[in-house]
2 protein chains.
Amino acid sequence: MPKLSKSEIVAAKLRTYSINKGLKPGDRLPTEGELAEQFGVSRVSVREATKALGFLGIVDAAPRRGLSVGKVSMKRLSRYLSFHFALADYPLDELIDTRIVVETGGLRRVAERMAKDPSIYEQLNAVNDKLRRATKKSEWLQGEVEFHCLLVASSGVRALAAFNDLVQVFFQKFRAGFSKSRWKNGIRGHQEIIDTLRKGDYQTATALLTEHINVHRDRDKLLKKKARSKNAAKSGEVSGSASA
Amino acid sequence: MPKLSKSEIVAAKLRTYSINKGLKPGDRLPTEGELAEQFGVSRVSVREATKALGFLGIVDAAPRRGLSVGKVSMKRLSRYLSFHFALADYPLDELIDTRIVVETGGLRRVAERMAKDPSIYEQLNAVNDKLRRATKKSEWLQGEVEFHCLLVASSGVRALAAFNDLVQVFFQKFRAGFSKSRWKNGIRGHQEIIDTLRKGDYQTATALLTEHINVHRDRDKLLKKKARSKNAAKSGEVSGSASA
DNA sequence: GGACGCCGAATTGTAAGACAATTATAATCG
DNA sequence: CGATTATAATTGTCTTACAATTCGGCGTCC
């Protein structure tokens, strides 16, 4: 159990403070100086906490205006996470399992809401259309994530959607090496899924979506096999030191 | 475009630095002092950046060892999702939906793993036994959360478990007013669920668990009806400290 | 009387220096 | 050779100070 630093404690206290006061995005917080006094730490420690939270958009700071509560945006989070993907490896199998649980778990509600509100289908359709028009890989990657996030968000279960945003960000790197023929397959799969949902058949849609996500699992196995045979050839890899 | 603060610039430079050097988790970074000199800023600015990245687990810092590239963990990121939860204040219905999706979503894997490893059943059983011996409400509350967390953790999908831990915490306040007769029912429900899982019948277990969680939904409707007629003042009782 | 600009004060942003806390490495002793 | 202690390097925290930014009011000019 790692000991928490003061700035982390301050961050935690800020959270409970926000909860206690029932603060909503936009509400003002005490100034750094007041927080320092209230928490019994120096302004530096408070700053390290608020600054870190500021990176994530959780708090907003400006001179003279002071601190205020921001809105946590997964976009913001993913900005700082993005460069880390190349380095960190979360086990793909578990990520896929997670995706399947979260995405398929919302499907019944998506179908229900779709029946009441046709615009949900239209939105999903629009994203998939945009995906068809994508030419650059970056466009496609973004659209792919957007589709799956919108799908879960369409369930109306916002907590689930927030978590899913995060998972998608983690997953992004595995999508990177997809060939163009796979794109087309994926887009067809999306269309099948939302069309099936519109008919109210969420069970078939669940099977389709599960298959759609499981494609990555097969791909990963191939990659690993390749890596193994390559590794067998040269087995003396030591990572370089970091100092300049 | 908002002007970037120096610490944000430092964070960005750290990114290009890491990418250029091709660093992997565990690799060492220059010290705060060296970075400050290299980037032409004070150590304070460097610290604000590394601290923020440290919150996310992207960098790891320890005295004498210095800075190193860290491994991003779902658990770590869940801490920031908790801010999201705190600020968003989701209605109970959505939390229940979330719980159902996450907890039932893991059941198939729990059953599979249980077949291979009987100790999983034993552990769940032990927690439920402890629950039977509980006398104080606080004991029961803790045990209840422990059971549901262990259940999801038993699926072996760690990201899902991390998220579930979070949901349980936010759900806890709704459990507070349960009567003792409900306890007994809940414990019987737990037993049924794990016994059914041991038989490998995860589908029946899914139905049982869904029902078990849905009990809270009914209760909430009653409470709301009462609250409407009373139209009482709101009580915001949340106390907490930084958990380790 | 109203719009415009300017000035001052409050607050965050950045800096430098010092010391405490922690821990990896080296030195020492049995 | 192993365990223990000493040392040094590095982060963690505090204090103080000042620069940068911006909000609010005040005065001036039309």
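So you know, we letter chains A, B, ... as the sequences are listed, proteins then strands, and number each from 1.
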Taking the side chain of [X] as heavy atoms from C-beta outward, which of [options] is closest to it?
X	options	result
R64(B)	dT13(D), dA10(C), dA8(D)	dA8(D)
S45(A)	dT12(C), dT13(D), dT14(C)	dT13(D)
K6(B)	dT12(C), dA15(C), dT11(D)	dA15(C)
R43(B)	dT13(D), dT22(D), dT14(C)	dT13(D)
P63(B)	dT13(D), dT10(D), dT14(C)	dT10(D)

Notebook entry, point to check: Does OP1 or OP2 of dT11(D) have a side-chain N or O of K51(B) closer than 4.0 Å?
Noted result: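 So the side-chain polar atoms of K51(B) never come under 4.0 Å of the phosphate oxygens OP1 or OP2 of dT11(D).
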
Can you measure [X] atom [atom1] to [N] atom [atom2] for me and round it to whole angstrom units?
X	N	atom1	atom2	answer
E48(B)	dT12(C)	CD	P	13 Å
R47(B)	dA16(C)	CZ	P	16 Å
F55(B)	dT11(D)	CZ	C1'	15 Å
L4(A)	dT13(D)	CG	C1'	16 Å
L53(A)	dT12(C)	CG	P	14 Å

Next item on the list: Mark yes when over 12 heavy atoms from residues, nucleotides or ligands other than E94(B) sit less than 6.0 Å from its CD; otherwise mark no.
Entry: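 Result for CD/E94(B): enclosed.
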
Margin query: If you count heavy atoms of other groups shown closer than 6.0 angstrom to CD of Q172(B), is the number above 12?
Written below: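 More than 12 heavy atoms, drawn from other residues, nucleotides or ligands, come within 6.0 Å of this atom.
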
Check: DNA chain C: R65(A) or V44(A), which has the more 5' nearest nucleotide?
Finding: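 It is R65(A) whose nearest nucleotide is closer to the 5' end.
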
Next item on the list: Establish, for the pair R99(B) and F171(B), whether the NZ or CZ atom is under 6.0 angstrom from the six-membered ring centre and no further than 45 degrees off its axis.
Entry: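 Yes; both conditions hold, so R99(B) lies above the ring face of F171(B).
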
Check: Aromatic rings F163(B) and F85(B): how do their planes relate, parallel, tilted or perpendicular, breaks at 30° and 60°?
Finding: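 Rings of F163(B) and F85(B): perpendicular, over 60°.
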
Notebook entry, point to check: Which sits closer to the 5' end of DNA chain D, A62(A) or E32(B), going by the nucleotide each is nearest to?
Noted result: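 Closest to the 5' end, via its nearest nucleotide, is E32(B).
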
